[in-house]
Amino acid sequence: VPDPTDPLAAGLRAAVGDAHVLADPELRAGYETDWTGRFTGTARFVVRPADTAEVAAAVRACAAHGAAVIPQGGNTGMVGGGVPRPDGARPQVVLSLTRLDALGAVDPVTAQVDAGAGATLAALQAHAAAAGLDAGLDFGARDSATLGGIVAADAGGARALRHGTARAHVAGLEAVLADGAVVSRRNGLLKDNAGYDVPALLVGSEGTLGVVTAVRWRLVPRLPARVAALVPLPSVERAVALLGVLRSRLPALEAADFFLAAGLQLLLEHQRIAAPVAAAPVYVLLECADRADPTAELAGALEAAGIEDAVVADDTASRERLWRLREGHAEAIAAAGVPHKLDVGVPAARLAEFLARVPETVAAVAPRARTILFGHLGDGNVHVNVLGAEPGDDRVDEAVLRLAADVGGTISAEHGVGIAKARWLGLVRGEAEIAAMAAVKRALDPAAVLNPGVLLP
Ligand code: 2HG
Ligand code: ZN
């Protein structure tokens, strides 16, 4: 039970009700460590507001009593952005948005829907499917990841290739600012250029400018005929060349992910299954979706690309089996240790070079570490996972991020900057741009109430 003489506790209890202010360490624990296990800190309280008004009241209470607000959705983040800072000087309050999980009626005319920040991606997908539409976004953490966090991080996933990242789906949103004010733009108008686009500014702001409480989500037509193919390839160059052919030959292409032999080996051992395809250095996992069966179109495109060997899955069960090989990487890695995760993006033309240079780059600073590389070929998004380096040793992170920047890439593609990469933002953003970001932060959150330490150096 929170100390009744603690003004922060009293303020929070008044804001969200006694039952939703968690002070007990056991109750807080699940909110204090991120998915990777690498980032963890101690929260004074975890609060679980029920609606936007309670979020605003909780933020105001934190601001009034000098506490930092750590917004959190499904806690599937991998950059420490949704859990307390390890070195938090001020009291930290985790603001869990999971109770704001309402989904409105789908508007068939605009193909949009209102979703609470706490609705999971899987819930949105099911809701959209029932209306003959699709979320247009998908990734492995779909059952836990929530829309507020997805928007705050501008999450991407495998289907970004066709439908864009979360940003492309935000037709509007509602958010609570650092002073408790609520901004809301959810009329869903496609054309609405009346001034600065504040909702757009909040997309990818990682909880540093406002707490996203609701989103107006742009859906896409549901394409029920799906086929996947796993293609073993002799090199990354061949994988990139394949993508080049598919782009023009295969309009139904929805995803093109990749993994390498080492990652597949780890996963097969973890899942205790046999390899479904001939051994190769590189594997590309393709998915096509259309109104009518795209299998023939896919086969024709693979033939045009000179591919002779591929496992094709045209029913849901076998398609999901193939995707578990790709999406299961994160869990197989987590089962082997606490990894350093570097979610980076590199231009297709430099992808092969980047992937070839990562192991030697890591070995130079962590000779005993093991590197697992996989990701989303379609947009050059590579998930560099390093096992066997000390969790607190940042040299691995710095070396990989510098390499990504050197080949013309980015230090953060879809997971966000978080606390994991804030100090390296300067590798990919110029001084003037970082100064502009800092000016926006100061203007909207002068006391640094919202997610301090995240994103900005
Ligand atoms: C994925 O693509 C996720 O599976 C997680 O973005 C990546 O675990 C990772 O590094
Ligand atoms: Zn990913």
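Just so you know, residue 1 is the first one in the sequence shown, and it goes up from there. Because only heavy atoms are used, hydrogens play no part in the values below, and waters and symmetry mates are left out as well, while side chains stay in. Whatever order the structure lists them in is the order used to number ligands and atoms, beginning at 1.
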### Query
Do E206 and N451 have side-chain N/O donor and acceptor atoms under 3.5 Å apart?
no
### Query
In E414, what N, O or S atom is nearest to the Zn ion (ligand 2), if we give its atom name?
OE2
### Task
For ligand 1, indicate whether the residue I333 contacts it via side chain, backbone, both or neither (heavy-atom separation under 4.0 Å).
neither
### Query
Where does E414 meet ligand 1, judged by heavy-atom distances below 4.0 Å: at the side chain, the backbone, both, or neither?
side chain
### Task
Have a look at ligand 1 and work out which part of F374, if any, has a heavy atom under 4.0 Å from it: side chain, backbone, both or neither.
side chain
### Query
Ignoring hydrogens and geometry, is there a side-chain-to-backbone donor-acceptor pair from K341 to A330 under 3.5 Å?
no
### Query
Can you tell me if CD on E390 sees more than 12 non-hydrogen neighbours from other groups inside 6.0 Å?
no
### OG1 on T36 to NE2 on H415, rounded to 0.5 Å
11.0 Å
### Task
Report yes or no: does D343 have an N/O/S atom closer than 2.8 Å to the Zn ion (ligand 2)?
no
### Task
Provide, to 0.1 Å, the distance between atom 6 (O) of ligand 1 and the closest protein heavy atom, together with that atom's residue and name.
H415 NE2, 2.8 Å
### Task
May I ask whether K341 has any heavy atom positioned less than 4.0 angstrom from an atom of ligand 1?
yes
### Query
Near the Zn ion (ligand 2), is there an N/O/S atom from H383 that is less than 2.8 Å away?
yes
### Query
Of the backbone atoms (N, CA, C, O) and the side-chain heavy atoms from C-beta on, which set of R326 has a member under 4.0 Å from an atom of ligand 1: side chain, backbone, both, or neither?
side chain
### E297/L250 under side chain to side chain contact (heavy atoms under 4.5 Å, CB included): CA gap, chis, key distance, verdict
CA-CA 7 Å; E297 192 188 333; L250 195 55; 3.6 Å; yes
### Query
Under 4.0 Å from any heavy atom of N385, which atoms of ligand 1 are there?
9 (C), 10 (O)
### Message
Among F259, Y283, F139, which residue satisfies the ring-ring contact (aromatic ring centres under 6.0 Å, His included) criterion with H329?
### Response
F259
### Message
Can a donor-acceptor pair be found, under 3.5 Å and without considering hydrogens, that links the side chain of Q72 to the backbone of G82?
### Response
yes
### Message
So if I count the atoms of ligand 1 from 1 in the order they appear, which ones are less than 4.0 Å from some heavy atom of A330?
### Response
8 (O)
### Query
With atoms numbered from 1 as shown, which atoms in ligand 1 lie under 4.0 angstrom from a non-hydrogen atom of M78?
5 (C), 8 (O), 9 (C)
### Task
Run the numbers for me: atoms of ligand 1, each under 4.0 Å from some heavy atom of H376, listed by number.
2 (O)
### Message
Treating N75 as the side-chain partner and G30 as the backbone partner, does any N or O pair qualify as donor plus acceptor under 3.5 Å?
### Response
yes
### Query
Is the number of heavy atoms from other residues, nucleotides or ligands within 6.0 Å of CZ (R162) greater than 12?
yes
